[in-house]
Visitor: 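Please read through the structure below; I'll follow up with questions.
Residue numbering restarts at 1 for every chain, and letters A, B, ... go by the order of the sequence lines.
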2 protein chains.
Amino acid sequence: MKTAEATATSAGEVHAVVEVREKGSLDRATIVRTGLRLLDEVGIDGLSTRRLATELGIKSASLYWHFKDKDELLNEMSTVMLRECLHLGNANEPGFDALDWLADSARAIRSTALSRRDGAQVMARPLLKPPNTKTPLDDNRKALMRLGLTEMEARLAMHTIRRFAIGAAIQEQSSPPVPGTCTAAEGFEFGLKTFMDGLKVLIASRAHK
Amino acid sequence: MKTAEATATSAGEVHAVVEVREKGSLDRATIVRTGLRLLDEVGIDGLSTRRLATELGIKSASLYWHFKDKDELLNEMSTVMLRECLHLGNANEPGFDALDWLADSARAIRSTALSRRDGAQVMARPLLKPPNTKTPLDDNRKALMRLGLTEMEARLAMHTIRRFAIGAAIQEQSSPPVPGTCTAAEGFEFGLKTFMDGLKVLIASRAHK
DNA sequence: ACCTGAACACCGTTCAAGT
DNA sequence: ACCTGAACACCGTTCAAGT
């Protein structure tokens with residue numbers, strides 16, 4: 001006796017649980033969310049507009065009413081993933097340490113990227129223009145500036161950290177673990193610590209000026 | 001009077017200068033070289049097996065005699081690009097400075113990646129198993145160890161530098177220049193210097209142990 | 001050993017047309 | 001406003017068959 005894993009409707013097709021929805025109820029957020037779920041199942045190469053449309057219960061042509069093209073969709077997925085890993089603590093909290101926050105945000109970016117199949121490749125894409133994530137990032141940048149960094153240095157430090165974390169995750173997801181070396185996580189921590197040490201050198205040089 | 005840019009044969013098709021070659025003369029190296037040239041013309045999305053085959057004057061099916069699949073071809077292109085930027089100076093030379101060499105190799109990786117269209121995306125791919133580049137890299141790692149680093153730390157430093165350079169180049173090639181910030185090259189130098197400063201901190205801590 | 005012909009099972013995107 | 005049908009111009013890959 002076969003126990004079907006499928007849903008209520010008895011017949012036919014096994015995989016691809018199709019979403020049921022009424023006419024006007026499909027928006028960009030739903031498409032992006034479904035895209036991210038599908039990414040985990042099929043990977044970046046399997047994530048076609050046709051497959052995604054099937055998953056959403058529509059035809060692929062319909063996607064082009066919501067998005068200009070596939071690139072725009074992927075960029076929005078990238079933006080959502082970055083937003084996912086910014087719930088980290090705000091500069092206004094009591095025991096806030098800007099350097100700890102910076103290192104932790106690097107770890108969060110890496111693990112968010114690693115949390116889904118080909119996640120790093122998605123996060124390496126450009127972000128959409130207006131991330132409303134502006135506010136917490138602004139606060140944290142100011143916290144870095146209070147340590148003695150210029151505005152541009154603070155901006156660059158955050159930028160570099162993000163770049164390093166995504167670069168590391170890309171390599172981890174695309175290459176087999178390098179033989180004769182430690183684990184990927186340890187390698188990441190080495191790079192992160194070294195960068196943070198360099199940043200402390202810069203801060204120290206600002207302090208006694 | 002039209003001045004045709006085409007080659008000797010008078011007629012027909014304008015673009016795609018097809019290579020002329022006798023039967024057994026096509027090898028992996030030629031295919032990879034042509035692939036890299038074509039990459040500059042059409043970008044990673046335009047680089048199809050069919051287009052490449054046309055460029056080589058063969059049918060796309062023939063590529064599968066030389067390579068298992070497109071992935072293997074792209075990985076070999078990645079390996080060749082990395083090899084391109086390792087003619088930098090060897091640890092056996094007179095005025096050799098291991099830290100300078102490390103920073104310079106980061107710059108070389110970045111500029112090699114930026115030197116061709118979508119080059120960073122290609123370099124982010126896994127390398128093929130046996131790069132004969134082993135020898136110069138080994139010497140340079142030993143030079144780092146002479147400064148006080150353990151073998152693993154030296155390996156990790158080289159690894160991190162490569163990761164950072166490729167990560168930076170990927171972002172530069174896929175995102176528009178960030179507004180309100182300095183140039184990409186300046187941003188890269190900031191990250192590089194900070195990392196190198198951190199490395200010097202580590203070396204100093206080893207020195208008085 | 002090296003290459004082709006022809007097919008298989010797909011793609012992203014457009015656009016007139018439907019509701 | 002939102003979606004479909006149908007087409008256009010492509011893909012990567014396989015495999016029997018040619019030389």
Side-chain angles (χ1 to χ4, degrees), chain A residues 13-16 18-36 38-39 41-78 117-118 121-122 125-126 174, chain B residues 13-16 18-36 38-39 41-78 117-118 121-122 125-126 174:
Chain A
E13 61 275 350
V14 185
H15 37 351
V18 181
E19 241 145 281
V20 180
R21 200 194 345 276
E22 55 201 288
K23 168 127 178 183
S25 69
L26 185 60
D27 59 346
R28 288 170 68 106
T30 307
I31 295 172
V32 166
R33 197 175 356 100
T34 307
L36 285 171
L38 190 55
L39 180 68
E41 284 175 40
V42 298
I44 191 85
D45 288 334
L47 187 67
S48 67
T49 53
R50 295 168 124 99
R51 182 84 170 72
L52 176 57
T54 303
E55 202 77 12
L56 288 162
I58 58 174
K59 302 294 168 183
S60 72
S62 312
L63 288 171
Y64 291 80
W65 196 90
H66 298 275
F67 292 91
K68 181 177 150 288
D69 54 20
K70 192 186 181 184
D71 245 50
E72 189 180 284
L73 168 59
L74 288 171
N75 291 350
E76 184 139 344
M77 286 170 56
S78 167
R117 175 121 89 114
D118 299 325
Q121 255 160 286
V122 172
R125 301 193 138 257
S174 78
Chain B
E13 61 274 350
V14 185
H15 35 355
V18 181
E19 241 145 283
V20 180
R21 199 197 343 278
E22 55 200 289
K23 170 128 177 181
S25 70
L26 184 60
D27 59 346
R28 289 171 66 107
T30 307
I31 296 172
V32 167
R33 196 172 359 98
T34 307
L36 284 171
L38 190 54
L39 181 68
E41 285 176 40
V42 299
I44 191 82
D45 287 335
L47 187 66
S48 67
T49 53
R50 295 168 123 100
R51 182 84 169 74
L52 175 57
T54 303
E55 202 77 13
L56 288 162
I58 58 175
K59 301 296 168 182
S60 71
S62 312
L63 288 172
Y64 291 81
W65 197 91
H66 298 276
F67 293 91
K68 180 177 150 289
D69 54 20
K70 192 185 180 184
D71 245 50
E72 189 180 283
L73 168 60
L74 288 171
N75 291 351
E76 185 139 344
M77 287 170 56
S78 166
R117 176 121 89 114
D118 298 326
Q121 254 160 288
V122 173
R125 303 195 136 256
S174 78

Visitor: Scan nucleotides 9-19 of chain C nucleotide by nucleotide, 5' to 3', and note B when protein non-hydrogen atoms come under 4.0 Å of the base, S if they reach only the sugar-phosphate, - if neither.
Guide: --BBBBB---B
Visitor: If we take the C1' atom in both dC8(C) and dC11(D), what is their distance in whole Å?
Guide: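 That atom pair is separated by 12 Å.
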Visitor: A side-chain contact here means heavy atoms from C-beta on lying under 4.5 Å apart; do V32(A) and F67(A) qualify?
Guide: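 They are in side-chain contact.
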Visitor: Rounding to an integer number of Å, can you tell me how far L26(A) CG sits from dC2(D) P?
Guide: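 Roughly 10 Å, once rounded to whole Å.
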Visitor: Just the rounded figure in Å: distance from C1' of dA1(C) to CH2 of W65(B).
Guide: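 Between C1' of dA1(C) and CH2 of W65(B): 6 Å.
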Visitor: Give a yes/no answer on whether the side chain of H66(A) brings an N or O atom under 4.0 Å of OP1 or OP2 in dC3(D).
Guide: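 Answer is yes, contact under 4.0 Å.
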Visitor: Restricting to non-hydrogen atoms, name the atom on G35(A) and the atom on L47(A) that form the minimum distance, rounded to 0.1 Å.
Guide: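 Of all heavy-atom pairs spanning G35(A) and L47(A), the closest is O-CD1, 3.9 Å.
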Visitor: Starting at atom CD1 of I58(A), determine the distance to atom C1' of dT4(D), rounded to an integer number of angstrom.
Guide: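 Those two atoms, CD1 and C1', are 10 Å apart.
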Visitor: Name the pairing partner of dA7(D), where a pair is Watson-Crick or G-U wobble with both distances under 3.5 Å, or state none.
Guide: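 Paired with dA7(D), as far as the under-3.5 Å criterion goes, is dT13(C).
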Visitor: Determine which nucleotide pairs with dA1(C), using a 3.5 Å limit on both distances of a Watson-Crick or G-U wobble pair.
Guide: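 For dA1(C), the partner nucleotide comes out as dT19(D), under the 3.5 Å rule.
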Visitor: Okay, side chain of S78(A), backbone of L74(A): is any donor-acceptor separation there less than 3.5 Å?
Guide: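 Not confirmed, S78(A) side chain does not pair with L74(A) backbone.
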Visitor: Do any N or O atoms from the side chain of R28(B) and from the backbone of H66(B) form a donor-acceptor pair under 3.5 angstrom?
Guide: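 Yes; judged by distance alone, with no hydrogens or angles, the pair exists.
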Visitor: Please give the distance between the P atoms of dA9(C) and dC10(D) as a whole number of Å.
Guide: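 Their P atoms lie roughly 22 Å apart.
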Visitor: Ignoring hydrogens and geometry, is there a side-chain-to-backbone donor-acceptor pair from R117(B) to E41(B) under 3.5 Å?
Guide: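 The answer is yes, because a donor-acceptor pair under 3.5 Å joins these two groups.
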Visitor: Take atom CG in D45(A); do more than 12 heavy atoms of anything else shown fall under 6.0 Å from it?
Guide: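 No - once you tally the heavy atoms of other residues, nucleotides and ligands closer than 6.0 Å, there are 12 at most.
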